[in-house]
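Heads up, the thing below is written out as structure tokens.
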Amino acid sequence: MALIEPEDFRLEKLQELRRLGIDPYGGRFPDTVPLQELVEGFQENEGRTVRAAGRIANLRAMGKASFLDIKDRTGRIQLFFQLDRIGEESFHVHQQLEPGDIVGVEGELTKTRTGEITIFVVTFEVLAKALLSPPEKWHGLRDQEIRYRRRYVDLFTNDEVKALFLKRADIIRAIREFLHARGYVEVETPMMQLIPGGAAARPFATHHNALDTDLYLRIATELHLKRLLVGGMEKVFEIGRVFRNEGISTQHNPEYTLLELYEAYGDYRTMMDLTEGLIAHLARDVCGSLALPFGEAQIDFSPPWPRKGFWELIEEHVGIRRGDAKAIRAKAEQIGLEGALTQDPDWLALHVLDKCVEDRLVGPVFIVDYPKSVCPLARAKPDDPELAERFELIVAGMELANAYTELNDPQEQEVRFRMQVGHEDERERIDRDFLRALACGMPPAGGIGIGIDRLVMALTDRASIREVILFPLLKPQEEPDEKGPTPQ
RNA sequence: GCCCCCUUAGCUCAGUUAGGCAGAGCAACGGAUUCUUAAUCCGUGAGUCCGGGGUUCGAUUCCCCGAGGGGGUACCA
């Protein structure tokens with residue numbers, strides 16, 4: 001049995017095309033003009049013979065003539081098929097076309113009586129026969145599950161969805177250009193690692209057969225990018241996927257795109273300036289305004305952004321003063337934090353901030369100077385050594401970025417790794433080669449990680465991370481077919 | 001993990017108030033129509049009412065269990 005079941009009426013048209021000796025899955029169709037250009041450049045091209053290709057979005061048959069709208073990546077144009085113009089045979093072929101099919105046409109670019117820019121088709125080819133019907137033309141595809149599972153349908157049906165992913169691509173390209181213009185070098189570091197480090201998250205495990213070695217998908221790029229600082233690549237960045245084996249929510253996808261960058265001889269202030277500059281540039285020049293809507297709120301990305309102390313915010317929102325371990329424990333217990341009585345108070349404070357403060361902040365706001373014990377990779381503040389030079393950037397209640405003045409003292413780093421607090425399974429295994437790299441001398445540096453998916457959410461007013469990831473992870477719905485991957 | 005909500009035709013959705021032959025629009029099919037554009041007009045067909053079990057003379061509807069999805073919560077420095 002076939003894995004998909006085509007619709008009968010479409011199969012019949014497919015068979016009719018084949019009977020007529022026409023391959024319903026044509027090949028190369030050169031010399032087409034993007035549809036938007038045809039429409040916008042109509043003045044210069046009126047009356048010319050043009051070639052165009054696209055998917056049939058709508059079809060209005062009038063008996064001996066019909067109008068079809070086709071869409072390509074740039075726009076939409078109307079086609080006019082007329083019996084007298086193309087002859088009976090061709091007209092019969094054209095009657096096998098349906099919404100969803102992909103056609104290439106050649107004809108005269110002109111206007112209809114009603115003034116609509118239209119290609120009066122002379123010849124055409126069927127480039128792909130669709131065996132499944134596209135969604136309904138008025139409402140389109142609304143069902144969120146189908147939108148996520150069959151993103152290809154979502155994309156060709158819902159123009160605003162395609163526009164969003166084009167904007168995501170624009171944002172990422174603009175990030176690269178911004179960084180290249182400032183002398184950063186883009187690199188790629190291993191996704192498969194022996195020790196997943198640089199963050200505290202459960203990793204995905206895999207196995208290399210030839211080496212008979214367990215490997216983990218990376219949870220961050222930090223430790224490798226710092227090795228490159230040691231190697232003399234003084235301004236580096238990587239935009240890549242990281243993988244965290246944690247829950248799924250409107251703000252979490254198990255694989256997500258992270259920008260990490262490091263700049264030698266800088267610190268976390270350097271990173272704040274850079275972040276403000278970068279994101280303000282993206283808002284203004286890619287998204288059109290420094291003030292962007294997010295749900296009911298309005299986010300103003302005009303720099304400079306407020307910088308608020310970690311303890312300052314806790315005092316302001318929760319009323320607990322720095323160092324009041326008892327009050328922190330009480331609050332942690334009140335909000336039901338696991339380990340409220342046993343965990344390190346700084347670790348609890350971090351979670352209290354996460355629960356009680358962050359989602360109230362519209363931002364953008366930098367939360368600065370975290371307790372040192374919860375930042376094992378960050379350098380201590382010289383004038384207040386219980387705090388670390390770390391900030392998080394909050395926008396629309398989301399953690400968008402996390403940055404440090406990087407710790408470059410190898411002995412201190414080893415101690416900090418060993419003292420790391422938190423749950424057992426959150427603790428990093430110690431990456432000895434990373435310590436060895438630090439021991440070779442790493443320049444002082446500022447570094448930052450920016451969650452690209454959440455950044456795109458903030459810039460495009462989307463409440464769910466699934467809206468900005470082309471293929472978000474969902475539970476499998478169908479049985480994998482015989483040749484597909486088999487679950488362990 | 002827990003809580004709430006959703007699942008009816010290819011698509012968008014009604015509906016079964018209170019259990020009694022399953023509904024609309026679009027799409028499809030047949031017909032008319034050589035300038036329409038949400039084309040129009042006439043006609044037709046279309047369903048595992050998410051799955052399984054229970055109650056009942058009878059369940060899409062009520063009850064129980066389950067699946068998928070959405071939202072929330074927990075977890076995720």
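Everything quoted here is computed from the prediction, not taken from an experiment. Numbers restart at 1 for each chain; the letters A, B, ... are given by sequence-line order, proteins then strands.
- Using a 4.0 Å heavy-atom criterion, one finds that T250(A) contacts the sugar-phosphate atoms exclusively.
- Set against C76(B), G70(B), U34(B), the side chain of A65(A) has U34(B) as its closest nucleotide.
- Contact of the H224(A) side chain with the R218(A) side chain is not registered, since no non-hydrogen atoms from C-beta on lie closer than 4.5 Å.
- Using N1 to N3 plus N6-O4 or O6-N4 for Watson-Crick, or N1-O2 and O6-N3 for G-U wobble, each under 3.5 Å, U7(B) pairs with A67(B).
- By the salt bridge (charged side-chain N to carboxylate O under 4.0 Å, His left out) test, R244(A) is found to be paired with no residue, residues two or more places apart in sequence or in another chain being considered.
- In this structure, CZ of R466(A) is placed 12 Å from C1' of G72(B), rounded to the nearest angstrom.
- When both pairing distances are held under 3.5 Å, U40(B) makes a Watson-Crick or G-U pair with A32(B).
- Partner assigned to U73(B) is G1(B), using Watson-Crick or G-U wobble distances below 3.5 angstrom.
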Hey, what are the protein-to-nucleotides 40-48 of chain B N/O distances that come in under 3.5 Å?
none

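- Scanning all heavy atoms of the two residues, the minimum distance from D453(A) to T257(A) falls at OD2-N, 2.8 Å.
- In this entry G45(B) has no Watson-Crick or G-U wobble partner, no candidate having both defining distances under 3.5 Å.
- Comparing atom distances between the A200(A) side chain and each of C29(B), C35(B), A77(B) picks out A77(B) as nearest.
- Nucleotide A39(B) holds its P atom 12 Å from the CZ atom of F67(A), rounded to whole Å.
- Across the P atoms, A9(B) and G23(B) are found 14 Å apart, a figure rounded to whole Å.
- Protein atom CG of L68(A) is 13 Å distant from nucleotide atom C1' of A39(B), rounded to whole Å.
- Pair assignment for U61(B): none, as no Watson-Crick or G-U wobble contacts are both less than 3.5 Å.
- Proximity of I77(A) to I70(A): side-chain heavy atoms (C-beta onward) are separated by under 4.5 Å at one or more points.
- Separating the P atom of U12(B) from that of U55(B) is a span of 36 Å, rounded to the nearest Å.
- Note: CD (E145(A)) to C1' (C50(B)) measures 10 Å, nearest angstrom.
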N/O-N/O pairs, protein side and nucleotides 11-15 of chain B side, under 3.5 Å:
residue : atom : partner : partner atom : Å
C11(B)  : O2'  : E136(A) : N            : 3.2
C11(B)  : O2'  : G140(A) : O            : 3.1
U12(B)  : OP1  : R142(A) : N            : 3.1
U12(B)  : OP1  : D143(A) : N            : 3.0

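- Of the candidate nucleotides G69(B), A77(B), U36(B), G69(B) has the atom nearest to the side chain of R149(A).
- What separates CZ of R76(A) from C1' of U37(B) is a distance of 10 Å, to the nearest Å.
- Scored by the salt bridge (charged side-chain N to carboxylate O under 4.0 Å, His left out) test, D369(A) finds K381(A) as partners (sequence neighbours excluded).
- As a whole-Å value, the separation of K355(A) NZ from A77(B) P is 10 Å.
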Can you give each donor-acceptor pair under 3.5 Å made by side-chain atoms of residues 394-410 of chain A, sequence neighbours left out, with the distance rounded to 0.1 Å?
residue : atom : partner : partner atom : Å
N402(A) : OD1  : R390(A) : NE           : 3.0
T405(A) : OG1  : Y268(A) : N            : 2.9
T405(A) : OG1  : E389(A) : OE1          : 2.6
E406(A) : OE1  : K226(A) : NZ           : 2.6
E406(A) : OE2  : G447(A) : N            : 3.3
N408(A) : ND2  : M442(A) : O            : 2.8
D409(A) : OD1  : Q411(A) : N            : 2.9
D409(A) : OD1  : E412(A) : N            : 3.0

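- With both pairing distances under 3.5 Å, U12(B) is matched to A24(B) as a Watson-Crick or G-U wobble pair.
- Scored by the side chain to side chain donor-acceptor pair (under 3.5 Å) test, R55(A) finds no partners at all (sequence neighbours excluded).
- Going from the P atom of G72(B) to that of U56(B) covers 42 Å, rounded to whole Å.
- As judged by a 4.0 angstrom heavy-atom cut-off over every strand, F243(A) is placed among residues making no nucleic acid contact.
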Can E238(A) and T221(A) be said to form a side-chain hydrogen bond (donor to acceptor under 3.5 Å, both in side chains), step by step?
CA-CA 8 Å; E238(A) 177 161 8; T221(A) 51; 4.7 Å; no

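- Ranking A27(B), C75(B), U34(B) by closeness to the R202(A) side chain, first place goes to C75(B).
- The base of U37(B) lies outside donor-acceptor range of the side chain of N58(A), with no N or O pair under 3.5 Å.
- Non-hydrogen atoms lying under 4.0 Å from RNA chain B are contributed by R113(A), T114(A), E116(A), F120(A), all within residues 113-122 of chain A.
- The P atoms of U61(B) and C6(B) are separated by 14 Å, rounded to the nearest whole Å.
- In this structure, F391(A) places its CZ atom 18 Å from P of A77(B), rounding to the nearest Å.
- K111(A) comes within 4.0 angstrom of no nucleic acid atom, judged by non-hydrogen atoms across all strands.
- A pairwise comparison of heavy atoms in K372(A) and A380(A) identifies CD-CB, 3.8 Å as the closest pair.
- For residues 94-114 of chain A, the ring-ring contact (aromatic ring centres under 6.0 Å, His included) pairs, not counting sequence neighbours, are F81(A)-H94(A), F91(A)-H94(A).
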Quick one: do D159(A) and K162(A) satisfy salt bridge (charged side-chain N to carboxylate O under 4.0 Å, His left out)? Show the steps, please.
CA-CA 5 Å; D159(A) 289 343; K162(A) 193 169 72 177; 5.3 Å; no

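- Following rounding to the nearest Å, Y148(A) (OH) and C6(B) (P) show an atom-to-atom distance of 19 Å.
- Using a 4.0 Å cut-off between a side-chain N of Lys or Arg and a carboxylate O of Asp or Glu, E246(A) and R202(A) qualify as a salt bridge.
- Side chains of E386(A) and R322(A) form a contact here, defined as non-hydrogen atoms less than 4.5 Å apart.
- If you take atom C1' in U8(B) and the same atom in A24(B), they sit 13 Å apart, rounded to whole Å.
- With sequence neighbours left out, R113(A) forms a salt bridge (charged side-chain N to carboxylate O under 4.0 Å, His left out) with no residue at all.
- For S464(A), whose side chain is taken as the heavy atoms from C-beta onward, the closest listed nucleotide among A77(B), G71(B), G69(B) is G71(B).
- Only the P atoms considered, G19(B) is 44 Å distant from A38(B), to the nearest whole Å.
- Partners of E255(A) by salt bridge (charged side-chain N to carboxylate O under 4.0 Å, His left out), not counting sequence neighbours, listed by chain and number: R241(A).
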Report, one line per pair, each donor and acceptor closer than 3.5 Å where one atom sits in a side chain of residues 467-474 of chain A; sequence neighbours left out.
residue : atom : partner : partner atom : Å
E467(A) : OE1  : R147(A) : NH2          : 2.8
E467(A) : OE2  : R147(A) : NH1          : 3.1
E467(A) : OE2  : Y148(A) : OH           : 2.7

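- Less than 4.0 Å separates RNA chain B from no heavy atom of any residue of residues 85-107 of chain A.
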